[in-house]
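Worksheet: the structure to be examined is printed underneath.
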There are 2 protein chains.
Amino acid sequence: MVKLPYTLWIEGDRVLTWDQRLLPFREEVIELSTWQQAAHAIRSMQVRGAPLIGVTAAFGVALGLRELAGSGHLESSTSAQTGLDEICASLMATRPTAVNLAWGVNQVRNAVAQARPADWARVAWARALDLHAADAQCNADIGKHGLIAWEALIDRAKGEARPLQILTHCNAGALATVAWGTALAPVYQAHQQGIAVHVWVDETRPRNQGASLTAWELARAGVPHTVIADNAGGLLMMRGQVDLVIVGCDRVAANGDVVNKIGTYLKALAAQAHQIAFWVACPISTIDRDTPGGMQVEIEERPASEVEQMHGLVEDQGSALYQQIVGVRVVPVGSAVLNPAFDITPAALVSGLITERGTIPATGEAIRRVLALEAA
Amino acid sequence: MVKLPYTLWIEGDRVLTWDQRLLPFREEVIELSTWQQAAHAIRSMQVRGAPLIGVTAAFGVALGLRELAGSGHLESSTSAQTGLDEICASLMATRPTAVNLAWGVNQVRNAVAQARPADWARVAWARALDLHAADAQCNADIGKHGLIAWEALIDRAKGEARPLQILTHCNAGALATVAWGTALAPVYQAHQQGIAVHVWVDETRPRNQGASLTAWELARAGVPHTVIADNAGGLLMMRGQVDLVIVGCDRVAANGDVVNKIGTYLKALAAQAHQIAFWVACPISTIDRDTPGGMQVEIEERPASEVEQMHGLVEDQGSALYQQIVGVRVVPVGSAVLNPAFDITPAALVSGLITERGTIPATGEAIRRVLALEAA
């Protein structure tokens, strides 16, 4: 079984990934051998996280073209084009609002557009592999720059003969990407380099991505960690038990404001109160130059059921549902629920944005500069 | 069925309360007709919250003495004393660490010590009724002083033709007391006076007292409210959707630092960041003059299982456990958990302590003054 930090990996011509719906309680590797399986994996949320969805979709197109090649459908331009269009349309429809989904499909579609149909299967596979490698490399670079940014804190912890104490919120780990994750990339790299680390894992209500996904992937990679209620971080910071906070981000505004999982802002305030570094792992693709500030972002409100119901494993051996994953209601029927998915952390609370190009201040000026470099 | 704000109420010579273990999913009133039933209610946590436990124990002694009177055991001093000692010892043993338990038992024991055994049943019942009335009155007074403290905010909300927006954490409501609650006392009084209020109810992980108990009692009393994840409060404050925060407290240090349910501190920081009033409902009995500051309080660490497991109602009609309350694991086996029960909110973040004697600043000087008045 493959070792993290890879979440989607290739063995010969086989595409493998975890069934994330079953995590953290059942570890099942699924093989995507047909484009229908790739589509199903996206639709059913066996894979999740924008970059992972995009790359899975790219492999989906490649797998589809491999099938068309095998059945002789790439021998005529017309049938090749029809087949390609069908596959792309079906993949695009799996989760209509995922931007990365369309991106992944179009990357492969554009690549084959330059080639003869007879080469499509080979070209598509190569392009999907490229996208896979590029996401892994981007995150590995975030990890590298994170370790540079944390150098003084790492040295201090080493000097005190104790692990570097890191707090993270939600899951910006390997499971949200092809490999390494964003916020967890420096954590994994530190661990691989023998730097002692310990991660406080926020449960991250209401969807519990911390307690389920982050805890699972850290455990699997052998990184010491402790799950805490989202409520506990303030006390830990007050007691000096946190050296730094690192989170991912869903979007960074042009002024450096960070939109990330609900609850991020409360941790940023606590970090500021205790002069604790608060880092945001930020692939440059998440910077939105068209959004002037965080307050201009419309915050998605998700279904009440996410707060009302908790899913987990029945452990009572005497229960009829022993070892099954069930949902239980935790809010009284008749109480209203509000479930905003994200909050806004003002740029002033952010110690820096750790990008694949290096760590930059969370300011409009620094962001303009890095975007200009990227475009150049 | 009785209406809130009473959680323990008397009908003739019957003592009635809710079985809180079943809340919020099943509403069952239990009658405590024997001292053994009172002891069972405390031991099994059918009743909870320090004041409620104390008053239930007091009624337990009174019920026991009523039985002794009925069976002729109060006719001799020796058998009366033996019977009383047995009842008190059994009640005291139900939850060994609850300070209010011993307090409730001893209040009744001391009252009967002045009387002839033939009068014990009557005296004990009268004393239990007094304690019941005193707790209700204390909380009603907190409610009254809360409304005075909130006057300007109430006027502003009224002027804007919208409800006063209140955020609360954990359950410092009627269910933790005999009646009214502490933090919710001003909320109930506002509601009864026709002042429009709306309460944001923090879920309050890991034990979910907000989502279960606070939401249930507000619903039952007809107070508009919305359950939110603990993570959501910062965003709501940033958006201007919160006029004030009010919480209860487990202990207030001599300098005004507040020890309360884990997560309180994060809300206090957010309130400060947005210049939102942060009130602490504080019966004078919770002030501990022997604790100089919050950092001197040892924070209880509770079992990991509270974070690892969630209890709720199975709603799936096809399930073998339909309508049963079951626990499910939400943290991977093998991940460590830390579960501190309380955190510390520095006095500087507290707008004021709302006591039964009036609202005072959270400062050492004001606390010394109110304690001196109380002693006088």
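So that the names make sense, note that chain A is the first sequence line, chain B the second, and so on, each numbered from 1.
- Considering all non-hydrogen atoms of both residues, B:Thr226 and A:Leu338 come closest at CG2-N, 3.3 Å.
- In terms of heavy-atom proximity, A:Ile299 sits nearest to B:Leu235 at CG2-CD2, 4.1 Å.
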Practice task
Show your working on side-chain contact (heavy atoms from CB on, under 4.5 Å) between B:Val328 and A:Leu313 and close with a plain yes or no.
Solution key: CA-CA 5 Å; B:Val328 296; A:Leu313 190 75; 5.8 Å; no

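- Heavy-atom pairs under 4.5 Å with chain B were tallied for A:Ala211, A:Gly210, A:Pro206; the largest tally goes to A:Ala211.
- With a threshold of 4.5 angstrom between heavy atoms, B:Ala232 approaches chain A through its backbone and through its side chain.
- Contact tally against chain A (heavy-atom pairs below 4.5 Å) for B:Leu269, B:Asp343, B:Val201, B:Val227: the top residue is B:Val227.
- Interface remark: B:Met237 contributes no atoms to any contact with chain A (heavy atom separation under 4.5 Å).
- Proximity to chain A (any heavy atom under 4.5 Å) is restricted, for B:His169, to the side chain, taken from C-beta onward.
- The two residues A:His274 and B:Tyr265 come nearest to each other via the heavy atoms NE2-OH, 2.5 Å.
- Top candidate by heavy-atom pairs under 4.5 Å with chain A, chosen from B:Ala304, B:Gly263, B:Pro340, is B:Gly263.
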Practice task
Would you please test A:Asp316 and B:Val326 for side-chain contact (heavy atoms from CB on, under 4.5 Å) and show each step?
Solution key: CA-CA 9 Å; A:Asp316 173 7; B:Val326 303; over 6 Å; no

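- A distance of 4.0 Å separates CG in B:Asn231 from CG in A:Asp230, rounded to the nearest 0.5 Å.
- Contact count against chain B (heavy-atom pairs under 4.5 Å) is highest for A:Met238 among A:Met238, A:Lys261, A:Lys267, A:Gln324.
- Interface remark: B:Thr345 contributes no atoms to any contact with chain A (heavy atom separation under 4.5 Å).
- For the atom pair B:Asp202 CG and A:Arg205 CZ, the distance stands at 12.0 Å (nearest 0.5 Å).
- Of the atoms belonging to B:Gln309, it is side-chain heavy atoms, and not backbone ones, that fall under 4.5 Å from chain A.
- Per-residue heavy-atom pair counts under 4.5 Å with chain B were compared for A:Pro346, A:Pro332, A:Gly234, and the maximum is reached by A:Pro332.
- The shortest non-hydrogen separation linking B:Leu266 to A:Ala270 is CD2-CB, 3.7 Å.
- Contacts between A:Ala273 and chain B at a heavy-atom distance below 4.5 Å involve the side chain alone, from C-beta outward.
- One finds the CG atom of A:Leu236 at 7.0 Å from the CD1 atom of B:Ile262 (value rounded to the nearest 0.5 Å).
- Scanning both residues, B:Val307 and A:Glu203, for their nearest heavy atoms gives O-OE2, 4.5 Å.
- To the nearest 0.5 Å, the span separating CZ on B:Arg329 from CD on A:Gln323 amounts to 10.0 Å.
- Only the side chain of A:Ser319 comes within contact range of chain B, judged by heavy atoms closer than 4.5 Å.
- Interface check for chain B: of the options A:Ala215, A:Ala219, A:Gly233, the most heavy-atom pairs under 4.5 Å are formed by A:Ala215.
- At a 4.5 Å heavy-atom cutoff, the contact between B:Asn208 and chain A is made by side-chain atoms alone.
- Contact of B:Leu23 with chain A is not made at all, since no heavy-atom distance falls under 4.5 Å.
- Closest approach of A:Ser335 to B:His225, counting heavy atoms only: OG-NE2, 2.7 Å.
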